[in-house]
Protein chains: 2
Amino acid sequence: MTADARGPAIAREVADRLHSAAIALLRTARKEDEASGLSAARLSALSVVVFGGPLPLGELARAEQVSAPTMTRIVSALEELGLVVRQADTQDRRIQRVVATEAGRKKLEEGRARRVEFLRTRLAELPAEELAQLEKAAEVLGRLFRKGR
Amino acid sequence: MTADARGPAIAREVADRLHSAAIALLRTARKEDEASGLSAARLSALSVVVFGGPLPLGELARAEQVSAPTMTRIVSALEELGLVVRQADTQDRRIQRVVATEAGRKKLEEGRARRVEFLRTRLAELPAEELAQLEKAAEVLGRLFRKGR
DNA sequence: GTTGATTAGTTAGCCTAGCTAAACTATACT
DNA sequence: AGTATAGTTTAGCTAGGCTAACTAATCAAC
């Protein structure tokens with residue numbers, strides 16, 4: 001049987017299962033995120049700042065698909081928590097660049113570590129063969145979905 | 001080589017990659033979920049009702065880890081949208097069983113179909129061998145994470 | 001069988017967070 | 001000078017979350 005003949009049907013099936021698994025995974029991961037003490041909106045914004053480098057508040061607002069006033073408040077909250085700072089642009093002093101602090105990076109990294117650790121303990125229960133299968137799959141998924149980051 | 005010798009290290013690596021893929025997947029899924037017009041809390045509750053069958057409001061509250069009053073409001077909102085109905089238990093008339101309507105099932109199924117379809121188009125690009133790997137992985141992940149449902 | 005305790009759910013009142021539009025300030029551009 | 005842009009402030013909405021107080025139904029005990 002060729003891949004093309006079987007492909008579409010099996011892709012749908014795999015997509016379905018992967019989707020279910022992702023939902024379940026997402027659930028447990030969300031619980032770990034709560035431990036950070038940050039809301040989803042703040043955590044997401046912080047993540048963009050940490051990985052996307054210093055960037056103007058307006059750009060951050062667009063990236064997160066919220067209005068400027070909303071982002072002002074989110075950034076203000078993160079700033080009060082010491083996770084980011086505003087830096088006036090030297091070229092254009094209207095612009096406030098948002099930069100992650102060390103504490104901000106650390107906070108994000110801790111959250112990631114928590115989620116990964118949780119996952120790891122689950123995976124560690126698996127027989128070696130299944131773990132190897134997941135390893136290959138993770139590689140494929142990484143290629144498929146990780147482009148954006 | 002035994003699984004135990006190699007297990008911990010590889011589990012950590014796989015967990016890391018799986019985590020990254022899940023985040024990426026989560027991002028796109030979130031966008032699709034917004035198309036449903038339901039908030040995360042309502043969508044999640046609806047999902048439990050649809051898959052978990054008619055169940056008392058209190059149980060639903062516990063499942064979603066919120067207080068009873070909060071669930072009362074969420075259910076009321078879903079009821080006004082015509083997605084669920086309350087049914088007084090015939091045995092114990094204190095109990096209000098929450099049941100999904102056809103519209104509720106359909107709404108959830110539509111969202112799922114959107115997400116699965118998006119995933120499917122991505123997976124369809126893969127060579128058959130990699131797809132087969134994902135198939136096995138999906139099966140394993142399903143067993144690992146889907147227990148709660 | 002009436003009283004008392006327990007349980008399920010709702011109502012009321014309050015807080016916080018995210019979101020928006022509109023008005024305002026400050027800077028930059030022409 | 002006049003216009004455009006970046007960000008903030010103000011005012012107000014919606015939604016999720018809580019606790020406390022209430023109603024209604026069940027159960028237990030005497």
Side-chain angles (χ1 to χ4, degrees), chain A residues 26-27 30-31 33-49 52-81 83-100 107, chain B residues 27 30-31 33-49 52-100 107:
Chain A
L26 182 157
R27 287 221 152 191
R30 206 197 312 164
K31 225 172 282 177
D33 280 346
E34 277 166 23
S36 76
L38 291 178
S39 70
R42 290 178 186 180
L43 200 55
S44 181
L46 177 59
S47 153
V48 171
V49 170
L55 80 179
L57 190 143
E59 244 174 73
L60 190 49
R62 277 189 295 280
E64 293 291 87
Q65 305 190 317
V66 300
S67 67
T70 294
M71 192 46 73
T72 288
R73 289 212 315 186
I74 291 173
V75 168
S76 296
L78 290 176
E79 197 167 29
E80 270 170 37
L81 292 169
L83 304 176
V84 304
V85 289
R86 285 177 169 89
Q87 277 180 0
D89 188 300
T90 48
Q91 312 291 322
D92 182 342
R93 279 164 23 237
R94 291 172 304 179
I95 293 178
Q96 294 285 339
R97 294 207 119 82
V98 185
V99 191
K107 170 79 82 174
Chain B
R27 287 223 152 192
R30 205 199 312 165
K31 223 173 285 175
D33 280 347
E34 277 166 22
S36 77
L38 291 178
S39 69
R42 290 177 185 181
L43 200 55
S44 182
L46 177 59
S47 151
V48 172
V49 171
L55 79 178
L57 191 141
E59 246 174 72
L60 190 49
R62 276 189 294 279
E64 294 292 86
Q65 304 191 317
V66 299
S67 66
T70 294
M71 190 47 72
T72 288
R73 289 209 314 188
I74 290 173
V75 168
S76 296
L78 290 176
E79 196 166 30
E80 270 170 38
L81 292 169
L83 305 177
V84 304
V85 290
R86 285 178 168 90
Q87 278 180 359
D89 189 299
T90 48
Q91 311 292 321
D92 182 341
R93 276 159 33 233
R94 290 171 305 179
I95 293 177
Q96 292 286 336
R97 293 207 118 83
V98 184
V99 191
K107 169 80 80 176

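Order of the sequence lines sets the chain letters (A, B, ...), proteins ahead of strands, with each chain counted from 1.
- Counting to the nearest Å, the C1' atom of D:dT5 and the CG atom of A:Asp89 are 13 Å from each other.
- The two atoms that bring B:Ala100 and B:Val49 nearest to each other are N-CG1, 3.4 Å, heavy atoms only.
- Residue A:Thr72 has no polar side-chain atom (N or O) positioned under 4.0 Å from OP1 or OP2 of D:dT9.
- Note on A:Ser67: a base of the nucleic acid sits closer than 4.0 angstrom, heavy atoms only.
- Per the geometry, CZ belonging to A:Arg86 stands 16 Å off P belonging to D:dA6, to the nearest Å.
- Atom pair B:Gln96:CD and C:dT7:P shows a separation of 19 Å (rounding to whole Å applied).
- Atom CD1 of B:Ile74 and atom C1' of C:dG9 are 15 Å apart (whole Å).
- If you measure from atom CD of A:Gln91 to atom P of C:dA26, you get 22 Å, rounded to the nearest angstrom.
- To the nearest angstrom, P of C:dA17 lies 9 Å from CZ of A:Arg73.
- For B:Arg94 and C:dT7, a side-chain-to-base donor-acceptor distance below 3.5 Å is present, hydrogens and geometry of angles not being considered.
- Regarding A:Leu38, its CG atom lies at a distance of 10 Å from the P atom of C:dG18, rounded to whole Å.
- Distances shown here put every side-chain N or O of A:Arg93 at or beyond 4.0 Å from the OP1 or OP2 atom of D:dG7.
- Not one N or O on the side chain of B:Glu64 forms a donor-acceptor pair closer than 3.5 Å with the backbone of B:Met71.
- The side chain of B:Ile95 lies closest to C:dA8, out of D:dG16, D:dT19, C:dA8.
- Nearest to the side chain of B:Leu57, among C:dG9, C:dC19, D:dA15, sits C:dG9.
- A:Ser44 and A:Ser47 are not linked by any side-chain donor-acceptor pair at a separation below 3.5 angstrom, with hydrogens and angles left out of the test.
- Each of A:Gln96, A:Arg94, A:Arg97 was compared with A:Asp89 under the side-chain hydrogen bond (donor to acceptor under 3.5 Å, both in side chains) criterion, and only A:Arg97 meets it.
- Taking the side chain of B:Ala68 as heavy atoms from C-beta on, and the options C:dT20, C:dT10, D:dG16, the nearest nucleotide is C:dT10.
- Nearest nucleotide to the side chain of B:Asp92, out of C:dC19, D:dT26, D:dG16: D:dT26.
- If you find the closest nucleotide of DNA chain C to A:Pro69 and to A:Thr90, the one lying nearer the 5' end belongs to A:Pro69.
- Phosphate contact (OP1/OP2 of D:dC18, side-chain N/O of B:Thr70, threshold under 4.0 Å): present.
- Within the 3.5 Å criterion, the main-chain N or O of A:Leu83 finds no donor-acceptor partner in the side chain of A:Lys107.
- Separating the CD atom of B:Glu64 from the C1' atom of D:dC18 is a distance of 17 Å, rounded to the nearest angstrom.
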